[in-house]
Protein chains: 2
Amino acid sequence: MPRPAVPREEIVDRLGEVFRRHGYEGASLKLLSGATGLGRSSLYHYFPNGKEDMAEAVLDQAEAWGANTLGPVLASDAAPEEKARRVVAAFDDFYSGGKRSCLLELFAIGDARDVFGDRVAQRLTTLTQILARIAEEAGHAAPDAARRAEAAMVAIHGGLVVSRGLGDTAPFRRALDTLPDTLIR
Amino acid sequence: MPRPAVPREEIVDRLGEVFRRHGYEGASLKLLSGATGLGRSSLYHYFPNGKEDMAEAVLDQAEAWGANTLGPVLASDAAPEEKARRVVAAFDDFYSGGKRSCLLELFAIGDARDVFGDRVAQRLTTLTQILARIAEEAGHAAPDAARRAEAAMVAIHGGLVVSRGLGDTAPFRRALDTLPDTLIR
DNA sequence: GTCTATAGGAAGATAGAC
DNA sequence: GTCTATCTTCCTATAGAC
């Protein structure tokens, strides 16, 4: 494993940007190549299965973010209100304040759905459970906590969609603002 | 204008299903042709500018739905609560209870965004204003009504995204259930 | 690891016969 | 209106030299 000039993490980051902006089918090798500065051949060197491998790597990275960022928040002994606040900040950062789209949304369309559909569903479920956990810690019974977590997921993704459609991050930010109350109050 | 065997409305309907399922770039002429039963040449006969014209027609039809369905609800002299209830029923029907995706979401990605981005933004704005109108009739001041309408739009589109990702319409339906309260209470 | 070259297919779109 | 045939461009993917 020789180390490349550009760290793999950075490469996957740039691939992710293309997938987020153009969706799976719209992310052509030309775009992927241009965004990373790697020629087609180099891309196939790093990702032998081509586009599918690249998308997989981007999803891996997003899941790693969840484990590394949300995990510690959950494991901390902070109050539920504080945990909610930190989770909101994490999502705000992850989606660049509403400028980025969510891969789980884009990979549930067309051909990508056939390949990544199960993984998307599992990831949405996991994230919902994390949020539900916080609602439970705030004293809500499991079924109520689950509903609150679902509403929070709906707000996050709806905020992203509306913000993208309007070309204005304000709706996403306002949606995030309501999250702590949605989960806890 | 000779009349075709299949009414144009039905053709546009079927085109819409392909766009909703595969997005703009994923909706190939092959899929579009198969879904309508029309050969490529026939499609170009109806839509001289190809895919772009087809997508335009689908958007036109969606806007017509808005004028024909939401318009009368708004114009009626029903109570705001009843209007909200009817609007929710209309959205539920339009999105087939959560099984359909929203074109405004899909057409804000990749190449489609360059062509339809402005129209998407305008449509989202119009729909938000319609919802805000109901909130105002329920007694909320304009800024508050606008925030409530935005939250409703976020809930609708977030519900669609989460439902699609999970392959389960329940989140969308629960999101719709909260709409009247979001707009009015 | 990166390059050039290219295969092989699918994409969108058009032309002309019927 | 629909058909067949065709054009061009773009796509993913691979091969082999360096």
Side-chain angles (χ1 to χ4, degrees), chain A residues 1-59 103 106-107 109-116, chain B residues 1-59 103 106-107 109-116:
Chain A
M1 267 206 211
R3 74 203 97 125
V6 180
R8 185 186 164 95
E9 191 177 290
E10 172 68 20
I11 292 173
V12 177
D13 243 10
R14 297 189 192 174
L15 293 175
E17 287 304 310
V18 178
F19 283 120
R20 278 175 224 277
R21 224 185 296 275
H22 297 271
Y24 184 74
E25 320 218 17
S28 67
L29 288 189
K30 189 176 178 177
L31 287 172
L32 265 359
S33 171
T36 54
L38 298 174
R40 273 156 224 254
S41 306
S42 301
L43 281 179
Y44 275 96
H45 176 75
Y46 287 108
F47 308 96
N49 264 349
K51 218 163 112 169
E52 198 174 312
D53 272 4
M54 300 182 214
E56 208 90 56
V58 172
L59 282 176
L103 291 171
L106 304 174
F107 284 5
I109 296 169
D111 291 352
R113 184 183 185 87
D114 302 334
V115 185
F116 303 109
Chain B
M1 268 206 212
R3 75 202 95 126
V6 180
R8 185 185 165 96
E9 192 178 288
E10 172 68 20
I11 290 173
V12 177
D13 244 10
R14 298 188 192 175
L15 294 175
E17 288 303 311
V18 178
F19 283 118
R20 278 175 225 277
R21 224 186 297 275
H22 297 271
Y24 185 74
E25 320 218 18
S28 67
L29 287 190
K30 190 177 178 176
L31 286 172
L32 264 0
S33 172
T36 54
L38 297 174
R40 269 159 224 253
S41 306
S42 300
L43 280 178
Y44 276 94
H45 176 75
Y46 288 109
F47 308 97
N49 265 349
K51 218 163 113 168
E52 198 174 313
D53 271 5
M54 299 182 217
E56 208 91 56
V58 172
L59 281 177
L103 291 171
L106 303 174
F107 284 7
I109 297 169
D111 291 351
R113 185 183 185 87
D114 302 333
V115 185
F116 303 110

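Here the structure is a predicted model, which is why all the values come from computation and not from measurement. In what follows, chains are A, B, ... by sequence order, proteins preceding strands, each numbered from 1.
Whole-Å rounding puts the Leu43(B) CG to dT14(C) C1' distance at 14 Å. We find that OH of Tyr46(B) is positioned 19 Å from C1' of dA13(C), with the value rounded to whole Å.
For Phe47(A), there are no ring-ring contact (aromatic ring centres under 6.0 Å, His included) partners at least two apart in sequence or on another chain. The salt bridge (charged side-chain N to carboxylate O under 4.0 Å, His left out) check on Arg40(A) picks up nothing, with sequence neighbours excluded.
Checking side-chain atoms of Lys51(B) against main-chain N and O of Ala27(B) turns up a donor-acceptor pair under 3.5 Å.
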Seminar exercise, completed: Quick tally for nucleotides 4-18 of chain D: nucleotides whose base has a protein heavy atom under 4.0 Å get B, sugar-phosphate-only ones S, the rest -, giving B------SBBBB---

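The aromatic rings of Tyr24(B) and Phe116(B) sit perpendicular to each other, their planes meeting at more than 60°, with 30° as the lower class boundary.
In this structure, Leu29(B) and Tyr44(B) have side chains that are in contact, with non-hydrogen atoms separated by less than 4.5 Å.
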